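By convention in this document, chain letters (A, B, ...) are assigned in the order of the sequence lines, proteins followed by strands, and residues within each chain are numbered from 1. This is a predicted model, so every value here is computed, not measured.
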Amino acid sequence: MAEEMRRDPDVFLMGEEVGQYQGAYKISQGLLDEFGPKRVVDTPITEMGFTGLACGAAFTGLKPIVEFMTFNFSLQAIDHILNSAAKTRYMSGGQLSCPIVFRGPNGAAARVGAQHSQDFSSWYAHCPGLKVVAPWSAADAKGLLKAAIRDPNPVVVLENELLYGQTFDVPDDPDFVLPFGQAEIVQSGRDITLVAWSRMVQVALDAAQTLKAEGIEAEVINLRSLRPLDIDTLVTSVQKTNRILTVEEGWPVAGLAAEIAAQIVERAFDWLDAPPSRVCGADVPLPYAANLEQLALPQPATVAAAARALCNRPSEGGA
Amino acid sequence: MAVKPRQPDPATPATPPPEELLRLYRSMLLIRRFEEKAGQLYGMGQINGFCHLYIGQEAVVTGMQAMAGPTDSCITSYRDHGHMLACGLDPKGVMAELTGRSGGYSRGKGGSMHMFSRDHRFYGGHGIVGAQVPLGIGLGFAHQYRGDGGVAHVYLGDGAVNQGQVYESFNMAALWKLPVVFVIENNLYAMGTASARHAAGDELCARGAAYGIPGERIDGMNVLSVRSAAARALAYARAGAGPFILEMMTYRYRGHSMSDPAKYRSKEEVSEMRDNHDPIDRLRQILQSQNVIDEAGLKEIDRTIKASVAAAADFAQTSPEPAASELWTDVLSEA
């Protein structure tokens, strides 16, 4: 963010506690000192208001970055994200663009209960006029956020609170930009394709590790971009592995995994040796109790079990 | 319900010079004739969907725009045709948008409620009641960010003032002293619900009091009162003192939209406003009593405006529909 704010004076950050508090999750640490209160704007707790304000400013050509303390609170502002940001370019016949970034932590954190633990991937990926990305590694976070800030369209950047605490290598290049719509093959394999994004990439990698010990080589794909979706990379992978399993933190009904399954069936039906499948978050509001929370979210063991079933391998300890 | 009595203006409106009086007259008459034609085209099936006419309220946007500065911006809700004409948009492009043709401002993809012109700093045309208010303070934020001296004119109806986001906007606009004038067009009905049935408290201009935003209630059927109030409010906002609220007491003669028979008010109430408070009649009387223009001159204005509206209607019916390929364009900007 700091690099992009140095690069373009029209870029500014606004949200709750982004300035003097240095960010609820310290993402904006140091920005107020460097750029001052004009460009690092502490807002009242008023999501609908400041999201609308930022969209209005973006209509004039400014490039706001709106931080939601968590994406759960974006529900207060979703009217502006869809009706003001996503649709205005189309409704104006191409006259008015809305170059804006909506970012913040998305999905389940740890033990914060149902209202603070929801995955909005499929919600925003549903809507034309938006671009949606979900970084996993720190390099993803840098490259995708820079691409989002430089993009002339509204972009939703779904970060993850649990990933904020993990360490990855980051390229130093201030122009390290990852293109939208390109998935990353994190690990190559020939037996099954595991598709995931955000924190679920780690879950898929852990499952792949278990599977490897059993002789199943999984190809793990980090989707990175949810809209546009890099279906070509998935199709190519399925042509090699003939099986695909999507790991989605969010609810299964009308989710992104369902969309991926539909597109794979449309595009690669003849290559499939098993139905396209998915491991999703349980179809319940997220519980608080530690054991129930763990049961509600995809775990490496459940992903490995689903992969084994698709590969017609007996389950661990089974007959 | 009876029409609320209007308070006298705090300041007597200064009478503008003759050429300005004529400009105001032409602007209001253009809106009136344009909207009448839009109503006709709707009846003929040339315009469809929602169509909200501004007839009766012409003095509000006309008086405000008369005092607009060169960098000021404007945003409103879905009752937007009058605002576009007052901002200088071409009647042909507006009417062709109403008919959903390629010659429309949004090339037929927006319709009556969703029109924009960046060249005229007109930022819509928004269909969600109240949503234009935070968007509008965003325009004010941009004026302040760039230091361009502009003020955002943010229009909302008496129905929109009950939306929570309006108060979120009042708070931020006052907190950051954004250059914004909120123009509440109080036409006494939020669709079919009279003010007394939806709004607690007497004066909507006082709704900003908790945030320290000054407000005035203005006779919105008198374009000269509107004009002088606009001058005060815009000067206040432009000087960096923060937002200002103008509550314009006005009246729409037609239903909320073309599909509203307006059975929630009496014919007598409408006739009283139309016959005794009409903003165009009132200004015509001033023009005549001050000998600004004679009968022949008025007829000439009438003729010119009718011709321009007829040309707009003709264009709107002959401009081709958007090409099928337009379905897929303008969703995203090319990076």
Side-chain angles (χ1 to χ4, degrees), chain A residues 9-10 12 14 37-39 41-62 64 76-77 79-80 82-100 127-131 147 150-155 177 179-180 227-228, chain B residues 73 75 97 102 104-111 113-119 121 123-128 130-146 148 150 152 154 163-173 175-176 178 322 326 329-335:
Chain A
D10 285 342
F12 68 92
M14 91 184 319
K38 178 184 164 187
R39 298 182 65 196
V41 184
D42 276 323
T43 66
I45 302 173
T46 185
E47 281 85 5
M48 194 175 200
F50 70 68
T51 304
L53 185 159
C55 289
F59 290 162
T60 76
L62 294 180
Q76 297 268 1
D79 177 57
H80 283 294
L82 301 191
N83 277 319
S84 303
K87 295 180 185 173
T88 296
R89 182 171 171 80
Y90 193 82
M91 292 192 304
S92 68
Q95 276 190 77
L96 275 194
S97 293
C98 192
I100 192 169
C127 306
L130 295 178
K131 294 184 181 182
R150 295 183 188 189
D151 197 278
N153 298 289
V155 184
V177 175
F180 293 146
R227 185 185 187 91
Chain B
S73 54
I75 190 166
E97 191 58 41
S102 58
Y105 267 98
S106 298
R107 302 216 302 278
K109 293 154 94 166
M113 302 186 287
H114 315 112
M115 267 186 265
F116 311 82
S117 171
R118 203 163 167 176
D119 291 343
R121 295 172 311 284
Y123 289 93
H126 294 271
I128 307 296
Q132 79 276 16
V133 181
L135 294 171
I137 68 163
L139 301 176
F141 182 92
H143 287 306
Q144 188 182 67
Y145 193 94
R146 295 194 168 97
D148 63 10
V154 181
Q163 287 279 24
Q165 59 185 323
V166 171
Y167 300 92
E168 299 188 26
S169 303
F170 284 176
N171 182 43
M172 283 184 284
L175 192 64
W176 300 331
L178 299 180
E326 282 282 321
T329 59
D330 303 323
V331 179
L332 293 169
S333 308
E334 295 302 318

task = Over 60° means perpendicular and under 30° means parallel, so classify the ring planes of B:Tyr145 and A:Phe12, tilted if in between.
result = tilted
Which portion of [X] sits near chain A, non-hydrogen atoms under 4.5 angstrom:
X	result
B:Ile128	side chain
B:Arg146	side chain
B:Ser117	both
B:Glu97	neither
B:Leu175	side chain

For a quick test of reading the model, state the closest non-hydrogen atom pair linking [X] to [Y] and the distance between them.
X	Y	value
B:Met172	A:Leu53	SD-CD1, 4.2 Å
A:Lys131	B:Leu332	CE-CD1, 3.9 Å
B:Ala142	A:Thr60	CB-OG1, 3.3 Å
B:Trp176	A:Asp42	CZ2-O, 3.4 Å
A:Asn153	B:Ser333	OD1-N, 2.6 Å
B:Ala131	A:Asp79	CB-OD2, 3.9 Å

For chain B, which candidate among [options] shows the most heavy-atom pairs at distances under 4.5 Å?
options	answer
A:Pro128, A:Gly61, A:Ala147	A:Gly61
A:Ser92, A:Pro154, A:Ala57	A:Ser92
A:Cys55, A:Pro44, A:Ser97	A:Pro44
A:Ala86, A:Ala54, A:Gly94	A:Gly94
A:Gln95, A:Gln76, A:Arg39	A:Gln95

Toward chain B, the part of [X] with a non-hydrogen atom under 4.5 Å:
X	value
A:Ser84	side chain
A:Leu96	side chain
A:Phe180	neither
A:Pro99	neither
A:Thr43	both

Residues forming a ring-ring contact (aromatic ring centres under 6.0 Å, His included) with B:His126, sequence neighbours excluded = B:Phe116
note = NZ (A:Lys87) and CG (B:Asp330) are apart, to the nearest 0.5 Å, by 16.0 Å
Distance in Å, B:Gln144 CD paired with A:Lys38 NZ, rounded so as to fall on 0.5 Å steps = 9.0 Å
request  = Under 4.5 Å, counting heavy-atom pairs only, tell me which of B:Gln132, B:His114, B:Arg107 racks up the most with chain A.
outcome  = B:His114
